[in-house]
Amino acid sequence: MKEKKISYIQVVCKIFVLVLRAAPLWIILDSTAMLLSSVCYAFSTVIKQWLFDTITNVTVGKENYYTLIIVTVVVVLFQIVNELLNAVCNFTWSPALKSVIGKLKQKIHLKVARLPGNCFEDVKTLECLEKANMGADRCYEVYNSLATIFLFYVPYFFVIGIYLWRLKPILTLALGFIFVPLMVNLLVRKKIFERQVDDTVPLQREKDYYETEIFSREKLKENRLYGSYYFFKDKFFETNRKFCTRKWKAIKKSAIIELIMRSLTLAGYLGVIILLVFSMMDGSISVGAFAAVFSSITTLISFMNDAIGNYLSTLFEIMGVLKKYLEFFELPEDEGMRGQINWEHELSVRNLSFSYPGSEKKVLDHVSFDIHGGETVALVGENGAGKSTLVRILSGILHPDEGEVWVDGENLFAISPEDRFRNTSAVFQKFMKYQMSVRENVMISSSEKNDGKMIESLDKGEFSMDDRFVDGYDTMLSREFDGIDLSGGQWQRLAVARGLYRDSRFMVLDEPTSAIDPIEEGIMYRKFQELINNKMGIIVTHRLGSTKMADRILVLKSGKLVENGTHGELMKKNGYYASLYQEQAQWYQNEVREG
């Protein structure tokens, strides 16, 4: 996966636009309340000086108590308005956050649906997806940080800066001395944590995998039987130790630098206090101005520290995952022109080659063959011969590195995914066990909702129901959701029914009966032969006795097509297929004798 460089400014602008589009009303309300709150905070210092100067004047008899009461009421009202604005900001944060994360996650899901199947074989793409998910969770922080900095802190510092400059210019310059070490601290931490994110994401994925293995219900039996729980636990703790070590190294280095910079900030704070005291003593500022600035200086420095050390720091710390979020959407999509593929006349494969990302070994090496309309072909070969990879390419899931696949004169991969998959159905060896009802497990393969067709598909798939199915077809197939579990054979029959429920002209059966005994397998394959009558079909199987019902047999060896013909023709050749068949027949005969 080639990475596209994106500048920080581009990241910030794009993320801000995405967040604004995701929740425009909440963002506008929050931003408006934040700006008004900033103005209130800034002018509170001016109002405090007015209050303190009024108290001083009343004390020396220059003003009456009526003026003091009016000023006090104005200050109180001003504070009430400020608190209401803060309450609005606090209220809008949660719904805006949830809305933004939901919309951005939805964008990821839509993008994933448009990625070529090859992407999911590339570890770099998977890491990019992992970081994109992390970025979606934190995109709102970009808006929140930017809005807080530019709509709250910047107006506040601008108004206060003007106030201090008019009061005594040197006070503004002294506050600038506080700003510098905070900014240096931020830039250094940004570099440290950006490197730490890149270093720890692979470890995070590894750690999550081991944790899943420990707590997975499906792995419980083997974990208990072999004691592999302790194996995965040790793996988890070792990976977690590496993860924490790298993270702690970054935190420790950052903390040392922050301690030094905060010491300089403290020195600047003390300098401002000393300047205030001397300015009041020489009469250049009033007692009210001294009291107002002195009471606000802690808030001022706290805001400055928060703006740089928290919001701006957060902005830079998450920049790495935000860049990955945007880069994820730059990945090439599985595109093509609209068209119709009916799988009626001929499937033609020419010089097909394929290697998985990160590997130079060719899983398929210049494979060529034809399948005619209504023809059923069996695909056989030893483990690792490339059978499953080939059917995934013919199904349109994986794109070949070299060669072409033509269906009825149309290039399969020049057609859009939607049209490419429309008339294709498959039952894969690693089928899904959806934690849903029987009905949903079948109907998920098609947008059509037809109970009669569902029942027919279950019958054709030899799926039987007993008294455990208390809710009939709505029985939940998951113990986690207070339902029932199925045997491996039952799950496989359900997967077959799911494949049959989908209307198709091209059917792939990739080891669909591996969890069913040989006798039942023979019965089911005969049903398959009836079901795929007048359709193109490919059956992948290790049990070569089932290949007799196929019109033709394709034999793969180490990624190459070595033989092509009917069962009788290949047996007469006495080649690779014949040796596989005889070896398997001998194995069955030995089993019968021993039985």
Answer yes or no: is there an ion pair linking K387 with D510, defined by an N-O contact shorter than 4.0 Å? no
Minimum heavy-atom distance between Y356 and T389, given as atom pair plus value: OH-OG1, 2.6 Å
Hey, is the main chain of M507 close enough, under 3.5 Å, to the side chain of S425 for a donor-acceptor pair? no
Minimum-distance pair of heavy atoms, taken over all atoms of A22 and S99: O-OG, 3.5 Å
Treating S353 as the side-chain partner and H366 as the backbone partner, does any N or O pair qualify as donor plus acceptor under 3.5 Å? yes
Quick one: pull up NZ in K535 and OG1 in T424 and give me the separation to the nearest 0.5 Å. 11.0 Å
Distance (rounded to the nearest 0.5 Å) between K433 NZ and Q490 CD: 11.0 Å
State, yes or no, whether a side-chain contact exists between Y581 and M571 at a heavy-atom distance under 4.5 Å. yes
Heavy-atom pair with the smallest gap, counting every atom of R420 and G396: NH1-O, 2.8 Å
Has N564 got a side-chain atom pairing as donor or acceptor with L554's backbone, closer than 3.5 angstrom? no
Might you work through the side chain to side chain contact (heavy atoms under 4.5 Å, CB included) test for N118 and D122, ending with a clear yes or no? CA-CA 7 Å; N118 305 49; D122 187 356; over 6 Å; no
Mind checking whether V12 and L322 have side chains closer than 4.5 Å, heavy atoms only? no
For the CD1 atom of I553 and the CD1 atom of I539, what is their distance to the nearest 0.5 Å? 10.5 Å
Is there a donor-acceptor contact under 3.5 Å from the side chain of D471 to the main chain of M476? no
Do R422 and D503 meet the salt-bridge criterion of a basic N to acidic O distance under 4.0 Å? no
Looking only at atom types and distance, does a side-chain atom of E462 sit under 3.5 Å from a main-chain N or O of R493, one as donor and one as acceptor? no
Can you establish whether the number of heavy atoms outside F91 located under 6.0 Å from its atom CZ is more than 12? no
Side-chain (R114) to main-chain (E333) donor-acceptor, under 3.5 angstrom: no
From CE (M454) to NZ (K449), nearest 0.5 Å: 11.0 Å
Geometric class of the Y577/H567 ring pair [parallel <30°, tilted 30-60°, perpendicular >60°]: perpendicular
Is the closest side-chain heavy-atom distance between L561 and V349 below 4.5 Å? no
Measure from the side-chain N and O atoms of S31 to the backbone N and O of I27, and report whether any donor-acceptor pair falls under 3.5 Å. yes
Is it true that E456 and K453 make a salt bridge, defined as a side-chain N closer than 4.0 Å to a carboxylate O? no
Is the count of non-hydrogen atoms from other residues, nucleotides or ligands lying under 6.0 Å from K111 atom NZ greater than 12? yes
Show the atom names and distances, to 0.1 Å, of all donor-acceptor pairs under 3.5 Å that link a side chain in residues 397-405 to residues at least two apart or in another chain.
unit_1	atom_1	unit_2	atom_2	d
H399	NE2	D334	OD1	3.1
H399	NE2	D334	OD2	3.3
D401	OD2	S355	N	2.6
E404	OE1	W406	NE1	2.8

Between CG on residue D370 and CZ on residue R350, distance to nearest 0.5 Å: 4.0 Å
If you count heavy atoms of other groups shown closer than 6.0 angstrom to NZ of K361, is the number above 12? no
Say you draw a straight line from CG of L25 to CG of D30; how long is it, rounded to the nearest 0.5 Å? 12.5 Å
What heavy-atom pair brings I108 and A136 nearest, and what distance separates the two atoms? CD1-CB, 3.8 Å
Sub-4.5 Å side-chain heavy-atom contact between I341 and F506: no
Checking D419 side chain against R338 main chain: does a donor-acceptor pair fall under 3.5 Å? no
Does the distance from a Lys or Arg side-chain N to an Asp or Glu carboxylate O, for K557 and D365, drop under 4.0 Å? no
So do L486 and R468 actually touch side chain to side chain, heavy atoms under 4.5 Å? yes
Among V377, L394, L347, side chain to side chain contact (heavy atoms under 4.5 Å, CB included) partner for M536: L347
S445 side chain to R498 backbone, donor-acceptor under 3.5 Å: yes
Between M337 and I415, is any pair of side-chain heavy atoms under 4.5 Å apart? yes
If every non-hydrogen atom of N342 is compared with every non-hydrogen atom of Q340, which pair is closest and at what distance? OD1-NE2, 3.1 Å
Stepwise side chain to side chain contact (heavy atoms under 4.5 Å, CB included) check, F369 with L390: CA-CA 12 Å; F369 60 87; L390 178 57; 3.9 Å; yes
Walk me through whether L494 and L458 qualify under side chain to side chain contact (heavy atoms under 4.5 Å, CB included). CA-CA 7 Å; L494 190 61; L458 288 169; 3.6 Å; yes
Report yes if some heavy atom in the side chain of D551 is under 4.5 Å from a heavy atom in the side chain of H372; otherwise report no. no
Step by step, would you call Y501 with N441 a side chain to side chain contact (heavy atoms under 4.5 Å, CB included)? CA-CA 10 Å; Y501 182 79; N441 261 278; over 6 Å; no
Using ring centroids (six-membered ring only for Trp), state whether Y140 and Y143 fall under 6.0 Å. yes
Measure the shortest side-chain to side-chain distance between D137 and Y325 over non-hydrogen atoms and say whether it is less than 4.5 angstrom. no
Please find out if less than 6.0 Å separates the ring center of F469 from that of Y473. no
State whether the side chain of S145 and the backbone N or O of V142 hold a donor-acceptor pair below 3.5 Å, judged by distance alone. no
Minimum heavy-atom distance between L500 and S457, given as atom pair plus value: C-OG, 3.9 Å
